[in-house]
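Each chain gets a letter, A, B and so on, in the order its sequence line appears, and its residues count up from 1.
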There are 2 protein chains.
Amino acid sequence: MSEAGGRVPSQLRKGVLEHCVLALLRNGPRYGVEILAELSAVSVMTTSQGTIYPLLSRLRREGLVDTELRESPSGPPRRYYTLTPVGRATLTEFTQAWPLFRDAVDHFLNDPQGESA
Amino acid sequence: MSEAGGRVPSQLRKGVLEHCVLALLRNGPRYGVEILAELSAVSVMTTSQGTIYPLLSRLRREGLVDTELRESPSGPPRRYYTLTPVGRATLTEFTQAWPLFRDAVDHFLNDPQGESA
DNA sequence: CCAGGAACCATGCAATGCAAGATAGCTGCG
DNA sequence: CGCAGCTATCTTGCATTGCATGGTTCCTGG
């Protein structure tokens, strides 16, 4: 309630979450719950296990990430995800495409008359 | 292919197109084909009739826009869309939420180490 | 052994962009 | 008038993907 201004429609995340996960993996291998936590550290990206596990499975199926099961110091084993060359290339593509999209949205939101420069 | 750098995944548009249309309508009433043209003027927002007509129907059904059928100086009648107060409020909400989302994505894409500025 | 938590995964649903195609009105031409 | 071609609107079916829900496995502590 009263978060009208801060609420981000979940549809916005479509097609973006995937690339944010790839971006996280640039920093080194991560496992599911860890990825979930790092995403949720930025509130508008907060999501759930029901979102990222299917997402991670898809990334693996499509060859964008490799996985490796490692024992945990305490608890069940963790599945670590690592970028493959294909995953890295996909991330690079997105990194180039994103500013175009972002600026286009800014254009429509900020340029009512098409005036400006 | 080979457009890797400029290609914007269509999933990116999800939930955004709707608000870009609302933003367009701030400039006054528009009809379908006209909206399609103004969106396509920004290449990454190029879309098709099969996308905007269902979208416009939904906006009308949800009370975000009003419609009015007007004769065309030449051709079939056109259905003009106008923002309702609800539509205007929805647009305002999105205008506030968008920068949060945009900056979050920028954060993940540009901040590999979390080193910040 | 049992309780509880950490970690993983699968299933079904909802929202929405899109391709393809159908319909209807207007204009110009013969 | 009759037809071609354009403008404009709308419908249907599909693919993608975020999400809620629930279930399973492994480890630790008592």
Side-chain angles (χ1 to χ4, degrees), chain A residues 7-22 29-40 44-62 64-65 67-81 90 94 101 104-105, chain B residues 7-22 29-40 42-62 64-65 67-81 90 94 101 104-105:
Chain A
R7 275 271 308 184
V8 174
S10 76
Q11 294 293 8
L12 264 190
R13 282 187 271 273
K14 295 228 169 185
V16 170
L17 216 45
E18 172 185 334
H19 298 282
C20 287
V21 169
L22 292 178
R30 295 284 189 278
Y31 66 97
V33 171
E34 196 175 8
I35 291 170
L36 188 60
E38 294 198 29
L39 285 175
S40 298
V44 304
M45 287 299 171
T46 301
T47 186
S48 67
Q49 294 187 349
T51 295
I52 57 162
Y53 282 116
L55 191 161
L56 289 169
S57 295
R58 198 173 64 243
L59 293 180
R60 179 167 47 161
R61 196 183 325 127
E62 296 173 352
L64 303 184
V65 300
T67 72
E68 180 192 2
L69 216 52
R70 295 192 208 163
E71 290 180 7
S72 163
S74 78
R78 301 166 174 172
R79 184 179 299 281
Y80 280 81
Y81 295 83
T90 301
F94 183 80
F101 175 78
V105 176
Chain B
R7 275 267 311 183
V8 173
S10 76
Q11 294 293 8
L12 265 189
R13 282 187 272 273
K14 295 226 171 187
V16 169
L17 218 44
E18 172 184 335
H19 299 281
C20 287
V21 168
L22 292 178
R30 295 284 190 278
Y31 65 98
V33 170
E34 196 175 9
I35 291 170
L36 188 60
E38 293 198 28
L39 286 174
S40 297
V42 178
S43 65
V44 304
M45 286 300 171
T46 301
T47 185
S48 67
Q49 296 185 346
T51 296
I52 58 163
Y53 281 114
L55 191 161
L56 289 170
S57 295
R58 199 173 61 244
L59 292 180
R60 179 167 49 161
R61 197 184 324 126
E62 295 173 352
L64 304 184
V65 300
T67 71
E68 180 192 1
L69 215 51
R70 294 192 208 163
E71 291 178 7
S72 163
S74 78
R78 302 165 173 171
R79 185 180 299 280
Y80 279 82
Y81 295 83
T90 302
F94 183 79
F101 176 78
V105 176

Under-4.0 Å side-chain N/O to phosphate OP1/OP2 contact, A:T51 with D:dC19: yes
Nearest-nucleotide pick for A:S48, side chain only, options being C:dC9, C:dT16, D:dA20: D:dA20
Nearest-nucleotide pick for B:R60, side chain only, options being C:dT11, D:dT17, D:dC10: D:dC10
Sugar-phosphate, base or nothing in reach of B:L55, heavy atoms under 4.0 Å: sugar-phosphate
side-chain N/O B:T47 vs C:dC18 OP1/OP2, d < 4.0 Å: yes
Exercise: identify the closest heavy-atom pair between A:V8 and A:R13: O-NH2, 4.1 Å
Among C:dG5, C:dC8, D:dT16, the nucleotide that comes nearest once only the side chain of A:R79 is considered: C:dC8
Rounded interatomic separation in angstrom, taking CD1 from B:I52 and C1' from D:dA8: 10 Å
Shortest non-hydrogen contact from A:G32 toward A:L56: CA-CD1, 4.1 Å
Nucleotide nearest B:L17 (side chain, heavy atoms from C-beta), chosen from C:dC18, D:dT16, D:dC19: C:dC18
B:R70 CZ - C:dC26 P separation (whole Å): 17 Å
Sugar-phosphate only, base, or nothing, as touched by A:G32 at under 4.0 Å among non-hydrogen atoms: sugar-phosphate
Base D:dT16 paired with B:K14 side chain (donor-acceptor, <3.5 Å): yes
Closest-nucleotide 5' rank along DNA chain D - winner of A:E62 and A:P73: A:E62
For the student: nearest non-hydrogen atoms of A:V44 and B:F101, plus distance: CG2-CA, 4.2 Å
Shortest non-hydrogen contact between B:Y31 and B:Y81, atoms and distance: CA-CD1, 4.4 Å
Atom-pair distance (CG on B:L59; C1' on D:dC10), nearest Å: 15 Å
Among C:dG5, D:dT9, C:dC8, the one nearest A:Y53 by side-chain distance: C:dC8
Contact under 4.0 Å: A:Y31 side-chain N or O vs C:dA7 OP1/OP2: yes
Gap between atoms CG and P, on A:L36 and D:dG18 respectively (whole Å): 13 Å
Closest listed nucleotide, where the reference is the side chain of B:Q49 and the choices are C:dG25, C:dC18, C:dG21: C:dG21
Distance, rounded to the nearest Å, where B:L64 contributes CG and C:dT16 contributes P: 11 Å
Contact under 4.0 Å: B:R13 side-chain N or O vs C:dC18 OP1/OP2: yes
Nearest-nucleotide pick for A:S74, side chain only, options being D:dT28, C:dC18, D:dT9: D:dT28
Proximal nucleotide (of D:dT25, D:dC19, D:dT16) relative to the A:P76 side chain: D:dT25
Residue-phosphate contact under 4.0 Å: B:R58 side-chain N/O, C:dT16 OP1/OP2: yes
